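We name chains A, B, ... by the order of the sequence lines, and we start the count at 1 in each one. Because the structure is predicted, anything quoted here is derived from the model rather than measured.
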There are 2 protein chains.
Amino acid sequence: MSGPAPTLRSLARTLGLSRTTVSDALRGSLRVDPATAARVKKAAREAGYRRNPLAGALMSELRRSRGTAFRGVIAAVDFHELDRPEYAARYHSELALGAQTRATELGFKLEKFIVGRAGLSVQRLDSILQSRGIHGVILLPAWGEPDLSNLDWTRFAGIYTDYIIERPALHSVCSDHYRSLLAALQRLAALGYTRPGLFLQKHQDERLQYRWGAAFRAFQESHAGIRPVPPLIAEKFSRETFTAWFQRHKPDVVLGHNTEAIDWMEAGGAQVPATHGFVSLNVLMKTRPCAGLDLLPRQLGARGAELLIAQLQRNETGIPEWPSTTTIPARWMDGPTLRSAPPSK
Amino acid sequence: MSGPAPTLRSLARTLGLSRTTVSDALRGSLRVDPATAARVKKAAREAGYRRNPLAGALMSELRRSRGTAFRGVIAAVDFHELDRPEYAARYHSELALGAQTRATELGFKLEKFIVGRAGLSVQRLDSILQSRGIHGVILLPAWGEPDLSNLDWTRFAGIYTDYIIERPALHSVCSDHYRSLLAALQRLAALGYTRPGLFLQKHQDERLQYRWGAAFRAFQESHAGIRPVPPLIAEKFSRETFTAWFQRHKPDVVLGHNTEAIDWMEAGGAQVPATHGFVSLNVLMKTRPCAGLDLLPRQLGARGAELLIAQLQRNETGIPEWPSTTTIPARWMDGPTLRSAPPSK
DNA sequence: GGACATTCTCGGACTGTCAGACTTTCCGAG
DNA sequence: CTCGGAAAGTCTGACAGTCCGAGAATGTCC
């Protein structure tokens, strides 16, 4: 490259102006006399000057903050649910912790609000957020699908930590259930299992637009060596329902959320992991040691906060024109409910 | 909030040292007397000092380059493919245009590189990017799955505009095929179609980990009123293959990529849209007006550039610890290949 | 005791921005 | 006619850190 690239300072020297006048002119500040501004822009163009946006952003942040690392507050909004299971409460805690840690790393503070408790309505939340100068809102999952259309979204950037909710349609971040189940099934196939069986509560599949079931069938269809076991997807299932399905279809490994199924398998003569395997689809739900998927709620919370803060940094409030979903694959967790190697022939 | 955060300079004042000695000590430079280094580290820990990685990276680059490196540039890397279909070339152009527009909005410039053309190897690309001071790399889709592990990713932030490639595992952004097909099928059901049929080239499903097929079956399984038509997923299909499938299973609406199928349907007696419907799964591939899915490549490119620049703004280079995929649902495009209302009873 | 080498530390310089301060000009009031 | 305040236009201090040349202090050798 020939010689140093032109900078604000070199332009300023050439023009006989201060670097601030040049900076202001190029940024369109009204402080600068229009004739001076035109002169600066022309010289910049002719010199091939290109602003460094990273340097600009850093210097701006540095000047604005006056040395304090504090940049703002974002809100984590939870929904009061009396019957929330304990594992879900732990999931929410992990999400919030991840969001908090990442927010802190990025110079933000995270404050929690619980809608539906202590008279906190959506309208009241709106008022509080506005009066507190909070513009970023990260929404924790809710079993019932809350309606947040009443928040004045022109003032807020928001992100769901769940699959898309649409009321309103915001960006979202969640686990990649589809891809994680496919990867888990591949792993099980590598361990020599040939008849995996999936059991699900219907609502758990529905709220993910059937991704568990879809991934399961997609895997079966695409692997000739896998003998298809119809998944058990029931409104609500009992030991009887499960056992009937298990005896009838004889899967050699079972995947599902409820680890109580291990007892039912063993009551029916199976020995885990000697004769059959078990994999939890969410290790936060396990009640005993077993293999399974860690949906990484802490990482999801962190990514959610990160994406939200990036929106704030771009000054993007309002309902996004193209809402997107960011997914992170679950992490496989080994456990004592699987054989450790394929059976020898 | 309590006072300014401790900085190198404030630590230096407290310790009676220069800011350079403090900086060197904290970075482990051997220039500093070990006893002094220990003193500095202890004081930093006690003061709660947190280094700003973005400032550090910027200053380092500033000093190293002496103003000669160009900045504020990100690279769009394409792969030379002789047999790339015309629609794919248009898809790539849309991706690049979206990335370019968004980069410009965010104060960056996008430059294109084509690996495999004019002797541009991955190693040579690495050298060029480094010498040009380019740290952000957005990777356009490739039909063959390229291996970019040879880039020195410690120096670059990268993002794929395709489904995850894993060589190496970076963040990615792409269409939400699964969710888009589900939504399309729901739309068709609302128009009164009861026997949708899907035809795909096998590779097109495989490279999306079977999401087209999975969404199709998930929809069938979850809607009692839909009579199941087995999808046609073939290595390569001809008019004969398609026609046999069409005649045998009698779908009332066909979804697929290749609009030539409309001719084949009509050759078999169907009248589109009078008796049968057709939906394109990628309107960039259509050769005639029809309904279908706009995969929004321009928006995907824009989002990709945005996510990449956010990584640069956080000074995050290297292979991410938790690579994520960001998906945007396709936009439905109405067209003359569907009935405009459900048939009256 | 002077010359030289080594070790340890310091300070200039710096892809841009913010906000207060300074200079110049203009105009109304006395 | 003079003076003071306001506005317009521009300038300067300061700066989440790093690199590298240079200076000061110390030790060794002749």
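B:Thr326 and A:Ser324 are not linked by any side-chain donor-acceptor pair at a separation below 3.5 angstrom, with hydrogens and angles left out of the test.
Where the helix from C:dG16-D:dC15 to C:dG30-D:dC1 starts and where it ends, the local axes point in directions that differ by 20°; five pairs per end, rounded to 10°.
Atom CG of A:Leu26 and atom C1' of C:dG16 are 11 Å apart (whole Å). Remark: P of C:dA19 and CZ of A:Arg64 are 7 Å apart, rounded to the nearest angstrom. At whole-Å resolution of the value, CZ in B:Arg50 and P in D:dG17 are 12 Å apart. In this structure, B:Glu61 places its CD atom 13 Å from P of C:dG16, rounding to the nearest Å. For A:Leu54 and D:dA16, the CG to P distance is 19 Å, given to the nearest whole Å.
B:Arg102 has a carboxylate O that lies under 4.0 Å from a charged side-chain N of B:Glu105, or vice versa, which qualifies the two as a salt bridge. Checked for salt-bridge contact, A:Glu316 and A:Arg155 miss the test: no charged N lies under 4.0 Å from a carboxylate O. For A:Glu61 and A:Arg63, the salt-bridge test fails: no basic side-chain N is under 4.0 Å from an acidic carboxylate O. Looking at B:Glu46 and B:Arg39, no side-chain N of the basic residue comes within less than 4.0 Å of a carboxylate O on the acidic one, giving no salt bridge.
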Would you give a per-nucleotide map of nucleotides 4-14 of chain C, 5' to 3', where B means the base has a protein non-hydrogen atom under 4.0 Å away, S means only the sugar-phosphate does, and - means neither? ----SBBBBBB
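Between A:Ser60 and the phosphate of C:dC18, there is a side-chain N or O to OP1/OP2 separation shorter than 4.0 Å.
Shown here for B:Pro141 and B:Tyr91, the closest heavy-atom pair between the two residues is CG-CE2, 4.3 Å.
Annotation: side chain of B:Lys112 is in contact with side chain of B:Asp78 (closest heavy-atom distance under 4.5 Å).
Sorted by first and then second residue, the salt bridge (Lys or Arg N to Asp or Glu O under 4.0 Å) pairs with a member in residues 5-22 of chain A form an empty list; sequence neighbours excluded.
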